[in-house]
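Comments concern the structure below.
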Amino acid sequence: MAWNELTPMESYVIEKKGTEYPFSGEYDDFYEPGMYVCRRCDAELYRSIDKFDARCGWPAFDKEVEGAVNRLPDPDGFRTEIECASCGGHLGHVFMGEGFTPTNARHCVNSLSMRFVPAT
């Protein structure tokens, strides 16, 4: 399968399960209407209407596009990793039970794992 070409830092995050520095990502404080897609395969991941300010340093969403995200036990034994269901690219982690939104979920996603597509 042909995927989008990645920069070394995008590859580090998406393919090697790295993370970007908090408050450094282009989408951390970004609230335009549109869709967030996987930077590697262009699959739709999150809608801007589901994004909220969790003040955690990374873009936060309270739900994903249905079927777009896989949840896996993180190797650290405590967190839940999230990855693109289409290509397996690392997105970040999901945290439950924090009470930020009615869904009680916070998808904490690396900006480098996504690309924003503005609403038309």
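Since we're looking at a predicted model, the values are computed, not measured. Note that these values count all heavy atoms, side chains included, but never hydrogens, waters or copies made by symmetry.
His107 and Tyr46 have perpendicular rings, their planes meeting at more than 60° on a 0 to 90° scale where under 30° would count as parallel.
The OH atom of Tyr21 lies 12.5 Å from the CG atom of Asn110; values are rounded to the nearest 0.5 Å. With rounding to the nearest 0.5 angstrom, the CE atom of Met9 is 6.0 Å from the CG atom of Leu112. Going from atom CD1 of Ile14 over to atom OG of Ser113 covers 4.5 Å, rounded to the nearest 0.5 Å. Atom CD of Glu64 is separated from atom CG of Asp50 by 9.0 Å, given to the nearest 0.5 angstrom. To the nearest 0.5 angstrom, Glu26 atom CD is 8.5 Å from Met114 atom CE. Distance check: Ile82 CD1 to Asn70 CG gives 10.5 Å after rounding to the nearest 0.5 Å.
Looking only at distances, no side-chain donor or acceptor of Glu83 sits under 3.5 Å from a matching main-chain atom of Val69. Distance alone, capped at 3.5 Å, places no donor-acceptor pair between the Asp62 side chain and the Arg106 backbone. Counting only distance, with no hydrogens or angles, the side chain of Trp58 and the backbone of His93 share no donor-acceptor pair below 3.5 Å. Formation of a donor-acceptor pair under 3.5 Å by the Ser11 side chain with backbone atoms of Leu6 is not found in this model. In this structure a side-chain-to-backbone donor-acceptor pair under 3.5 Å is missing from Glu15 to Tyr12. Asp53 places a side-chain N or O within donor-acceptor distance of the main-chain N or O of Arg55, the cut-off being under 3.5 Å. At least one donor-acceptor pair under 3.5 Å links the side chain of Ser111 to the backbone N or O of Tyr27. With hydrogens and angles disregarded, no donor-acceptor distance shorter than 3.5 Å links the side chain of Ser48 to the backbone of Met35.
Clustering ILVMFWY residues whenever any of their side-chain heavy atoms sit less than 4.5 angstrom apart, transitively, puts Phe52 in a cluster other than the one holding Phe30. Hydrophobic clustering, with ILVMFWY side chains joined whenever heavy atoms are under 4.5 angstrom apart, groups Val109 together with Met96. In the hydrophobic clustering of ILVMFWY residues, with side-chain heavy atoms under 4.5 Å counting as a link, Phe61 and Phe116 come out together.
Remark: Lys51 qualifies as a cation-pi partner of Tyr31 under the 6.0 Å distance and 45° angle criteria applied to the six-membered ring.
Nearest heavy-atom pair across Phe23 and Cys56 is CZ-C, 4.0 Å. Taking each heavy atom of Asp28 and Gly57 in turn, the nearest pair found is OD1-C, 3.4 Å.
Contact check for Arg79 versus Phe95: side-chain heavy atoms found under the 4.5 Å cut-off. When side chains are defined from C-beta on, Val37 does not count as touching Leu45, because their heavy atoms never get closer than 4.5 Å. Counting heavy atoms from C-beta on, the side chains of Asn4 and Asp42 come closer than 4.5 Å.
Of the charged side-chain nitrogens involved, none lies within less than 4.0 Å of a carboxylate oxygen, so that Glu44 and Arg115 do not count as a salt-bridged pair. Ion pairing between a basic and an acidic side chain is recognised when a charged N comes within 4.0 Å of a carboxylate O; Glu81 and Arg71 show no such pairing.
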- side chain to side chain contact (heavy atoms under 4.5 Å, CB included) between Cys87 and Cys38: does it pass, once the steps are laid out? CA-CA 9 Å; Cys87 72; Cys38 177; 3.6 Å; yes
